[in-house]
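Report on one structure; see the data block that follows.
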Amino acid sequence: GAVVSQHPSWVICKSGTSVKIECRSLDFQATTMFWYRQFPKQSLMLMATSNEGSKATYEQGVEKDKFLINHASLTLSTLTVTSAHPEDSSFYICSARDSMSYNEQFFGPGTRLTVL
Amino acid sequence: AQSVTQPDIHITVSEGASLELRCNYSYGATPYLFWYVQSPGQGLQLLLKYFSGDTLVQGIKGFEAEFKRSQSSFNLRKPSVHWSDAAEYFCAVGEVQGGSYIPTFGRGTSLIVHP
């Protein structure tokens, strides 16, 4: 099956720094990728939809200047948490939609961000 | 807007017992429905999905789910639970956009398996 990777799997940073998370589709091309945020013991909340070569579409309440998304190629999307604060600590999960199969998304293993 | 309700936060079963996880959805049209499993610290793995056709859907790891339109439900079942099934289970309904879908997730049900 299709594989999506995320890097890093876990990152700890100081408050005020920026952190970049990568999401890669390893064996398929993804014109669309999604970024989710998951708080402990809670569901996944869609943050934004990332389209290759164009600006991301953010969900209501998500600060686009805070969470910068770049989808520069068909296999890579990045999420940069700018000027991170402790309240940004969370589990961030990406998913990628296979361009040849519009009906399924494949999820990455997630990145745990801890901001001190 | 679509929504998903998983009424049970936790479910505890003994190994070898049967399992049913409940899911109710709200969606105006014929829904795309999914069940995902998440092990601790991991991403989501698709167990099964329903798009159309047979309302009883077979998935991986011995799971199945039945779509009941009259009850707006898509409950997940397994006849005999294994200890390795302990995980978080998410039901999702997909809103169709341009031939694809964007899932909305329920809050999840944590499955605890006793030996």
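This structure is a prediction, so every number in the text was calculated from the model and none was measured.
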(message) Using a 3.5 Å distance criterion without hydrogens, assess whether the side chain of S90(A) forms a donor-acceptor pair with backbone atoms of Y92(A).
(response) no
(message) Are L46(A) and F105(B) packed together at the side-chain level, in the sense that at least one heavy-atom pair is separated by less than 4.5 angstrom?
(response) no
(message) So which residue, G106(B), A92(B), G108(B), ends up with the most heavy-atom pairs under 4.5 Å with chain A?
(response) G106(B)
Solution key, residues 106-116 of chain A side-chain donor-acceptor pairs under 3.5 Å, sequence neighbours excluded:
{"unit_1": "T111(A)", "atom_1": "OG1", "unit_2": "Q6(A)", "atom_2": "NE2", "d": "3.1"}
{"unit_1": "T111(A)", "atom_1": "OG1", "unit_2": "P8(A)", "atom_2": "O", "d": "2.6"}

(request) Check whether L44(B) gets within reach of chain A through its side chain, its backbone, both or neither, counting any heavy atom under 4.5 Å. (result) both
(request) Sort Q38(B) into side chain, backbone, both or neither according to what part of it lies under 4.5 angstrom from a heavy atom of chain A. (result) side chain
(message) Would the distance check show the side chain of H71(A) and the main-chain N or O of A30(A) forming a donor-acceptor pair, the cut-off being under 3.5 Å?
(response) yes
(request) Let me know if I93(A) has heavy atoms under 4.5 Å from chain B in its side chain, its backbone, both or neither. (result) side chain
